[in-house]
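Please read the structure below before turning to the comments.
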Amino acid sequence: MLEQYVKKILTSRVYDVAVETPLQPARQLSERLGNQILLKREDLQPVFSFKIRGAYNKLAQLTTEELARGVVTASAGNHAQGLALAARELGIKATIVMPRTTPELKVQGVRARGGKVVLHGDAFPDALAHSLKLVEEKGFVYIHPYDDPDVIAGQGTVAMEILSQHQGPLDAIFVPVGGGGLIAGVAAYIKYLRPETRVIGVEPDDSNCLQQAMAAGERVVLPQVGLFADGVAVAQIGAHCFDICKHYVDEVITVSTDELCAAIKDIYDDTRSITEPAGALAVAGIKKYVERDGV
Ligand SMILES: *Cc1c(COP(=O)(O)O)cnc(C)c1O
């Protein structure tokens, strides 16, 4: 399985729209924690997150006939913007169903990238149901935000860049987890090439679907999820994602909302950038890990 994913990652098409982001030393944090800490600056992508990698790679693998039908997804977040930009780049139609409660900023983010926004329902499940109805009625192709091998492979290009940008020893890579597309791609690539490097997932303690699935040995559905880190508020880990994670993720750490807020400030101190809460998960996880294990 790993070899197949590594082949998919190496042949992924992402750089028509994504950029190779810097792997940047976090000087103050490194000093404070007594470890060399590097930040992979995916906030510098054109849609401010890595989602453009998976979305574009998925579209690039579709047939001409599928592309002509147009694509659809349900998302209130970064996947929506990634898909809209990817579709515009390929000159195809993208319809994004968003719950009516979606902040105007995110609706505009999709429209500004040429996506057609359909506001439907009060919560994500309503939007999802409507997007699947559009698949039936209009023949659109549904593009999943994480549970798809081509999306996972696109996200895995993050790990490919990390290994080429940092050639010395690497103790561990901390990866934020929502539905598990990013960590699945990273784990597949890293465990094939550098199995000694630990791959550690980080989740909010009130939205820990991967940690609970790993403990149960199967995918569980969380009865409710915390919304502070809205980018990772997912109730069930993806099936393709879990197939990889259950074998290749070394452990999952959870952090509190307070720890996330502190990590947002740590990142600001080192970079002068303000991340969304999900974007600070990995730093919150690293701090906890260093403190716990005294590395
Ligand atoms: C989507 C997203 C995640 C989680 O990615 P998954 O592939 O769903 O696990 C983490 N952080 C940000 C900023 C995201 O947009």
Side-chain angles (χ1 to χ4, degrees), residues 5 9 14 18 21 39-58 73-86 102-103 105-106 109-110 124 143-159 173-189 199-204 207-214 219 222 225-245 248-249 252-255 260 263-264 267 273-285:
Y5 267 105
I9 292 167
V14 304
T21 55
L39 303 176
K40 182 66 171 151
R41 294 293 306 275
E42 287 297 296
D43 58 309
L44 299 178
Q45 291 293 353
V47 290
F48 312 112
S49 87
F50 63 87
K51 291 292 197 309
I52 185 66
R53 298 175 183 261
Y56 190 79
N57 186 48
K58 174 66 187 176
T73 200
S75 165
N78 293 330
H79 173 61
Q81 297 179 42
L83 184 63
L85 182 61
T102 305
L105 179 75
K106 295 203 164 173
V110 171
F124 180 75
I143 307 295
H144 202 285
Y146 45 84
D147 203 12
D148 179 305
D150 292 319
V151 173
I152 292 171
Q155 322 301 33
T157 57
V158 170
I173 302 186
F174 292 79
V175 188
V177 181
L182 177 62
I183 195 170
V186 168
Y189 195 81
V199 175
I200 300 175
V202 188
E203 298 183 306
S207 173
N208 60 341
C209 69
L210 177 58
Q211 187 181 55
Q212 291 210 21
M214 302 260 288
R219 296 160 63 228
L222 305 180
V225 293
L227 296 178
F228 180 64
D230 58 299
V232 293
V234 175
Q236 187 179 34
I237 197 80
H240 292 285
C241 310
F242 190 56
D243 283 345
I244 299 173
C245 292
Y248 301 111
V249 167
V252 180
I253 291 179
T254 58
V255 298
L260 268 180
I264 292 172
I267 294 171
S273 285
I274 300 175
T275 62
E276 64 176 277
L281 266 174
V283 165

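In each ligand, atom 1 is the first atom listed, and ligand 1 is the first ligand listed.
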Is it the case that ligand 1 has an N or O less than 3.5 angstrom from some N or O of [X]?
X: Gly279; answer: no
X: Lys51; answer: yes
X: Pro176; answer: no

[atom1] of [X] to [atom2] of [Y]: how many Å apart, nearest 0.5 Å?
X: Gln81; Y: Ser75; atom1: CD; atom2: OG; answer: 8.5 Å
X: Gln155; Y: Ile52; atom1: CD; atom2: CD1; answer: 10.0 Å
X: Ile143; Y: His79; atom1: CD1; atom2: NE2; answer: 7.0 Å
X: Asn208; Y: Ile237; atom1: CG; atom2: CD1; answer: 10.5 Å
X: Gln212; Y: Ser207; atom1: CD; atom2: OG; answer: 10.0 Å

For [atom], which protein heavy atom lies nearest, and how many Å away is it?
atom: atom 13 (C) of ligand 1; result: Asn78 ND2, 3.6 Å
atom: atom 4 (C) of ligand 1; result: Gly178 N, 3.5 Å
atom: atom 8 (O) of ligand 1; result: Gly179 N, 2.9 Å
atom: atom 10 (C) of ligand 1; result: Val232 CG1, 3.4 Å

Contacting atoms of ligand 1, where contact means under 4.0 angstrom from a heavy atom of [X]:
X: Val177; answer: 9 (O)
X: Gly231; answer: 1 (C), 2 (C), 3 (C)
X: Gly181; answer: 6 (P), 7 (O), 9 (O)
X: Ala278; answer: 11 (N), 12 (C), 13 (C)

Quiz item: Mind checking whether Ile183 has a heavy atom under 4.0 Å from ligand 1?
Solution: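 Not so, Ile183 does not reach ligand 1.
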Quiz item: Under a heavy-atom criterion of less than 4.0 Å, does Phe50 contact ligand 1?
Solution: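 Yes.
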Determine whether the side chains of [X] and [Y] contain a donor N or O and an acceptor N or O closer than 3.5 Å.
X: Glu203; Y: Thr254; answer: no
X: Glu276; Y: Asn78; answer: yes
X: Thr157; Y: Arg53; answer: yes

Quiz item: Hey, are Asp230 and Lys106 close enough for a salt bridge, meaning a charged N less than 4.0 Å from a carboxylate O?
Solution: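 Here Asp230 pairs with Lys106 in a salt bridge, since their nearest N and O are under 4.0 Å apart.
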Quiz prompt | Heavy-atom nearest option to atom 6 (P) of ligand 1, drawn from Cys245, Ala280, Gly180, Cys209 | solution =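 Comparing heavy atoms across Cys245, Ala280, Gly180, Cys209, the nearest one to atom 6 (P) of ligand 1 lies in Gly180.
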